[in-house]
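Quick notes on the structure that follows.
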Amino acid sequence: MSRSPIVVIGIGNPYRRDDGVGPAVVQRLAAERVTAAALVESDGEATTLLEQWQGRRLAIVVDAAHTPVPVPGRIHRLDLPFAGSSSTSSHGLDLGLAVRLAGELGRLPQRLLVFAVEAAETGYGCELSPAVARSVDEIVAELRGLLRADRTR
Amino acid sequence: MTHRSDREFRIPGLSRVEGEGALNLRVDGATVTGVELNIYEPPRFFEALLRDRGYLEPPDITARICGICPVAYQMSACLAIEDACGVEVTAEITRLRRLLYCGEWISSHALHVYLLHAPDFLGYPSVVELARDHRAEAERGLNLKKAGNALLELVGGRAIHPVNVRVGGFFRAPALEELRTLARNVLRPALDDALATLQWVAGFPFPDFTVAHTLLALTDPRQYPIEAGRPGTSTGGSFPVQDFERHIVETQVPHSTALHASLDGGPYLTGPLARYTLNHATLSPLAREAARAAGLGPRCDNPFRSIVVRAVELVYAIDEALRLIAQYEPPSPSWVSVPAADGVGYGATEAPRGVLFHRYAIDAAGTVRSARIVPPTAQNQASIEEDLRRYAERHLDLDDARLAHECERVIRNHDPCISCATHFLNLTVDRR
């Protein structure tokens, strides 16, 4: 089977509540049997992200985000060039750095779309907080439309 | 440059380490009066949440402690539980575990050598700037990481938190042909990449700095220790795994949420430097010769040269994986039955960053009654602080920014894994 030109990557830990918003979006798309894109859950490790999005026409990344004054569930949509923050990710290399490294090595997708969802709860557990759960509905609906539009291009 | 008699500075967020930590350094005149490696990630209470869980669950639960070395947690947990239940797995299963573990060493060491550590020696703030000037080397690092991940995926089911491991063995043993294909297409070229890596890092400029730490590593007269071994020390000590807690004592310190450990009352070092120094003789001929050609003697006391030792271990892990695949016979069955038994079991393996110890008490019904986990980074904190004290004292003529940078390098020598469960995109919104 040929590689899909589109990938949706959900970054996060589904056992830390709202940190799992990315995987939740991917799981929802999988449950709806979306076939127009490759669906990937990721812990955000940079080199694996490079592998996943390299050579794709469109890579969509969904991740939880920290903001100084959070509005839980608020969605930020970021296009390339993505300005990553300082590297304080738990794996030493964050999404911003992954994008910059991919840029240096010519491994960026043609288009990178990032959905960053402001988190409310990140304690132990699998349930998303209500506001973040609603953001999953919103992102899934938007992606459905985006993938449909892409197919009829 | 002004030279003040007393200085105090803090690096609030260490970069290029696994997890989140800080450093506080206090200086009075020409003396470093305080060094605190401040690990401020909240404790996660894994040992407590393992209590009352089923005895087959710890490999999957403890794998979640770390995204970089989940196999280490799975292997130490399996050994400890099998020990508690009085079961020994077959030699074929042990070899397959060793093969899986090679994948983790390759992936973890490639990550540290190329993406976290190499920029320090070539004067770059991160791998991004390094990649701009050394594209071929950056690509080689990514290829090595990918090779490790491919081995983890084939044997473990997936690269992060593998799902194919179970107490007693594996849910499914990979087919010989799958492994041969991987060896031919991925691991053979990766071995060349690893040898080139060793040659590359051996040429880096290293500060003249040695520290004679007491060392702790697993040892095995037959092979370089990975998935098993007997704890041994550089002072000639050796003890069975079940005596680990008689020698290694953990204590709380106010400035860290990770426990500090001592070996027979003193600080010590575990990890690649200790492993190499105590086990150099059991490296494969290829890895031993490559180490010699890279200028390494039978021991390495310079923490900055740990990058060379990691590169030697990269060569070894790939060479060993190829050997294991060449001799592979799928274990049949792929796992042995481990009936629950009332007992206490101990397990220790060599995680990429050093000895990882697990102990479980299990009752006859198969319920975990207590759990104890001693990870490598906790064991190394006191020695990292000692390195910092010595190194900083020699470089007090540097201004704060430069001294801070040098201190970060000292910490990164030991690849600390300030383990993590969540990871956030730090987002700053500039509204105009």
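Chain identifiers are assigned alphabetically (A, B, ...) following the order of the sequence lines, protein sequences preceding nucleic acid strands; residue numbering begins at 1 within each chain. These numbers come from the heavy atoms of this one structure, side chains and all, not from hydrogens, waters or symmetry mates.
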Is it true that a side-chain atom of Arg132(B) and a backbone atom of Glu104(A) form a donor plus acceptor pair closer than 3.5 Å? no
How far apart are the closest heavy atoms of Leu142(B) and Leu105(A), and which atoms are they? CD1-CD1, 3.3 Å
Bottom line for Asp133(B): the part with an atom under 4.5 Å from chain A's heavy atoms is neither
Which atom pair, heavy atoms only, marks the closest approach of Leu115(B) to Leu101(A)? CD2-CD2, 4.2 Å
For Glu178(B), is the CD atom crowded, meaning more than 12 foreign heavy atoms sit under 6.0 Å from it? yes
Is any NZ, NE, NH1 or NH2 atom of the basic residue among Glu41(A) and Arg158(B) found under 4.0 Å from an Asp or Glu carboxylate oxygen of the other? no
Would you name the heavy atoms of Ser126(B) and Arg100(A) that are closest together and state the gap between them? OG-NH2, 4.2 Å
Within this structure, what is the CG-NE2 distance for the pair Asn13(A) and His161(B), rounded to the nearest 0.5 Å? 7.5 Å
Could you tell me the separation between the CD1 atom of Ile68(B) and the CG atom of Asp43(A), rounded to the nearest 0.5 Å? 7.5 Å
Whether Glu45(A) and Lys145(B) form a salt bridge (side-chain N of Lys/Arg under 4.0 Å from carboxylate O of Asp/Glu) is what I want to check. yes
Where on Arg107(A) is there a heavy atom nearer than 4.5 Å to chain B: the side chain, the backbone, both, or neither? side chain
